[in-house]
Amino acid sequence: MRKTNIIIFVIAVIVFAGTFIVSLISLPSNNEKMQSGKNHQLSANFQTTFKVPNTGVHKLMGKSKKQIVKLLGTPERIDPTKFGYRWFIYGRQSESYLQVGIDNSTDRVTTVYALGNKLKTNPFVIGADAQNVYAKVPIADELSLSYKGTKIDFELNEEDMMVRPLMKFGNYWVQLNFDHLSDRLIGIRYLTTSVLVKQHPYSMTYQGQLPESPVLSNSAWNAIDKAENQEIFDISNVLRMRYGKKTLDWNEQAYKAAYQHSKEMKIKDYFSHDSKWSGDLRTRLEKENITFQVAGENIAAKYPDAIAVSLGWLNSVDHRENLLNEAFSELGVGSYQNYYTQDFVKP
C-alpha cells in the first residue's frame with residue numbers, strides 16, 4: 001500500500017467589512033516506513049538508455065563555488081538550508097530565476113532549481129506540454145537506489161506522477177515540476193543522491209540507516225525561515241509573471257502576521273486559519289495595524305522546502321486563486337520550522 005499522507009483542508013470565504021480568501025494545505029513529511037525482514041525488490045527497476053545532453057544548466061552540478069561565481073557572477077542572495085547546502089540565488093524578479101545549491105562541506109553544487117523559462121534546460125523546455133515531455137523521457141512510478149549501504153525504494157503516487165515525477169539523469173536525479181491544471185512544465189530540480197535521500201519527498205521503504213536530520217539551533221532555524229520567506233516570495237512573483245499577473249510588493253506587517261501564525265501553529269500543534277488564541281485572519285492583520293480592501297491567506301505544513309511548498313500551492317485550486325489573484329498587490333510570507341503562511345493584501 002502506498003503510505004503518502006496528504007491532508008487538505010479548505011475553509012470557505014469569510015466576508016466581513018473586508019473580503020477574505022483563505023486556503024490551507026499540508027503534506028506530512030513522515031512518508032517513509034521501516035522495512036523489516038527480507039529486502040523487498042520492486043518489480044520495476046529503473047533502467048533507461050536516455051542520453052543526457054552535453055549542455056544546459058544541469059552541467060552546473062558538481063562544479064565548485066569558485067566556478068559558479070565565475071560562470072554566473074556574484075549571487076544576489078545566499079540562503080541557508082536545513083539540508084547541508086546553501087542556495088546561491090540568481091535572476092530574482094525575472095524569467096532567469098535560478099537557485100544553485102552548494103554543499104557546505106565540499107563547496108560543490110549538489111542541487112539546482114531552474115524556474116525561469118529563459119534558462120537552458122534541454123532536453124526539457126519550461127512551459128512545454130506535459131505529454132510532450134513524457135514522450136521524450138522515461139518516467140517510472142517505482143525507483144530504487146542505494147545510498148551508503150542503505151537500499152531505498154521510492155514509490156510515486158498518482159499526484160507525484162502528475163506534479164513531481166522523478167527520473168535518473170546521468171549521475172544525478174531530476175524532478176520535473178508540473179502545473180497539472182495547465183499541464184505545463186514549470187520548473188526543474190536536479191539533485192544528487194545524497195540530497196534526494198535527505199529530503200525523501202516521496203513515499204519510500206528502506207533497509208538500513210537513513211541520514212540523521214541535523215539538530216538545528218534557534219539561530220540556525222531563524223536564518224533558514226527568513227531565507228525560505230524570501231524564496232517563496234521570489235517564486236510567487238515569477239509564477240505571477242508567468243501567468244500574466246502583476247508582481248507583488250513585500251509587506252513587512254503582513255510578514256509579521258504570517259510569521260506569528262506559522263509559529264503558533266507549530267508550537268500549539270494545530271493547522272487552521274482560525275485560532276482560539278489569536279483569532280482569524282482579520283484579527284491577526286488588524287493586530288499588525290494593516291488596513292486593507294482585500295486579504296487572503298495560504299498555509300502549509302511539513303513540506304521539504306520553499307520550492308515544494310510553492311509547487312503545492314500552485315497545484316491546489318484554492319491556493320492558486322490566492323497566488324495568482326489580480327486583486328492583491330502586496331505579500332508577506334512567514335515561515336517557522338516547516339510551517340508556512342502567505343498573507344496577501346490590497347491596502
Side-chain angles (χ1 to χ4, degrees), residues 2 4 31-32 35 39-63 83-85 98-103 106 108-115 119-126 128-178 180 185-211 304-305 307-308 311:
R2 294 173 178 171
T4 303
N31 58 344
E32 72 274 358
Q35 185 176 4
N39 184 29
H40 173 63
Q41 181 67 41
L42 291 175
S43 59
N45 286 325
F46 188 88
Q47 298 199 8
T48 178
T49 57
F50 173 75
K51 184 176 180 181
V52 176
N54 293 323
T55 60
V57 296
H58 65 275
K59 299 297 287 185
L60 298 176
M61 293 291 289
K63 292 193 180 301
F83 297 111
Y85 57 85
L98 178 70
Q99 296 185 199
V100 180
I102 298 180
D103 186 84
T106 65
R108 291 194 173 272
V109 178
T110 54
T111 183
V112 172
Y113 174 54
L115 178 63
L119 300 171
K120 191 172 184 180
T121 55
N122 53 306
F124 314 110
V125 177
I126 293 177
D129 180 82
Q131 293 304 315
N132 290 336
V133 176
Y134 289 136
K136 294 178 181 178
V137 296
I139 300 293
D141 63 357
E142 296 178 331
L143 305 170
S144 299
L145 61 90
S146 293
Y147 178 72
K148 295 185 176 180
T150 296
K151 173 68 165 54
I152 299 173
D153 296 321
F154 285 117
E155 186 175 3
L156 282 63
N157 61 27
E158 184 177 355
E159 181 186 1
D160 294 330
M161 294 299 289
M162 285 194 305
V163 175
R164 46 185 176 271
L166 181 73
M167 61 174 285
K168 196 75 169 66
F169 197 72
N171 294 324
Y172 304 108
W173 299 86
V174 63
Q175 184 194 69
L176 303 176
N177 290 175
F178 287 97
H180 80 84
L185 180 66
I186 61 166
I188 304 163
R189 298 181 70 155
Y190 305 90
L191 314 93
T192 62
T193 298
S194 175
V195 172
L196 178 62
V197 170
K198 289 176 182 177
Q199 293 193 2
H200 52 83
Y202 307 99
S203 178
M204 71 180 187
T205 58
Y206 65 98
Q207 186 177 38
Q209 296 293 323
L210 292 178
D305 59 15
I307 299 169
L311 181 67

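Hydrogens, waters and symmetry mates play no part in the numbers below; they use all other heavy atoms, side chains included.
Between Asp153 and Glu142, the closest side-chain pair of non-hydrogen atoms is not below 4.5 Å. For the pair Leu145/Leu196, a side-chain contact is recorded, criterion being any heavy-atom separation below 4.5 Å from C-beta on. You'll find the side chain of Trp173 stays beyond 4.5 Å of the side chain of Phe154, heavy atoms only. For the pair Asn157/Ser203, no side-chain contact is recorded, criterion being any heavy-atom separation below 4.5 Å from C-beta on.
Here the closest non-hydrogen pair linking Val163 and Pro165 is C-CD, 3.6 Å. Closest heavy-atom contact between Thr121 and Ala114: CG2-CB, 3.9 Å. When all heavy atoms of Pro211 and Val197 are compared, the closest pair comes out as CD-CG1, 3.5 Å. Of all heavy-atom pairs spanning Met167 and Pro138, the tightest one is CB-O, 3.6 Å. Of all non-hydrogen atoms in Lys151 and Ser146, the two that sit nearest each other are CD-OG, 4.2 Å.
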Could you walk me through whether Ile102 and Tyr85 pass the side chain to side chain contact (heavy atoms under 4.5 Å, CB included) check?
CA-CA 5 Å; Ile102 298 180; Tyr85 57 85; 5.7 Å; no
Test side chain to side chain contact (heavy atoms under 4.5 Å, CB included) on Leu166 and Val174 and set out the steps.
CA-CA 6 Å; Leu166 181 73; Val174 63; over 6 Å; no
Evaluate side chain to side chain contact (heavy atoms under 4.5 Å, CB included) for His58 paired with Val112, printing each intermediate quantity in order.
CA-CA 7 Å; His58 65 275; Val112 172; over 6 Å; no
Check against side chain to side chain contact (heavy atoms under 4.5 Å, CB included), Phe169 and Val137
CA-CA 10 Å; Phe169 197 72; Val137 296; over 6 Å; no
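Going from atom CG of Leu143 over to atom CG of Asp141 covers 8.0 Å, rounded to the nearest 0.5 Å. Within the model, atoms CE of Met204 and OG of Ser144 stand 12.5 Å from one another, a figure rounded to the nearest 0.5 Å. We find the CE-CD distance between Met161 and Glu158 to be 10.0 Å, quoted to the nearest 0.5 Å. Annotation: the span from Thr205 atom OG1 to Glu155 atom CD amounts to 8.0 Å, rounded to 0.5 Å. Atom NE2 in His200 sits 9.0 Å away from atom CD1 in Ile152 (nearest 0.5 Å).
Shown here are the side chain to side chain donor-acceptor pair (under 3.5 Å) partners of Tyr147, two or more places apart in sequence or in another chain: Ser194. Applying the side chain to side chain contact (heavy atoms under 4.5 Å, CB included) test to Lys120 and every residue at least two apart in sequence or in another chain returns Thr55, Asn122. Taking the ring pair (Phe, Tyr, Trp, His ring centres under 6.0 Å) definition, one finds that Phe83 meets it with nothing, sequence neighbours left out. Applying the side chain to side chain contact (heavy atoms under 4.5 Å, CB included) criterion to Asn177, with sequence neighbours excluded, gives Tyr113, Arg164, Gln175, Ile186, Arg189, Ile307, Leu311. Thr106 is linked by a side chain to side chain donor-acceptor pair (under 3.5 Å) to Asp103, counting only residues two or more places apart in sequence or in another chain. Val125 meets the side chain to side chain contact (heavy atoms under 4.5 Å, CB included) test with Ala128; sequence neighbours excluded.
Judged by distance alone, the side chain of Thr150 and the main-chain N or O of Leu210 form no donor-acceptor pair under 3.5 Å. A side-chain donor-acceptor contact under 3.5 Å links Lys168 to the backbone of Gly170. Between the Thr111 side chain and the Tyr190 main chain, a donor and an acceptor come within less than 3.5 Å of each other.
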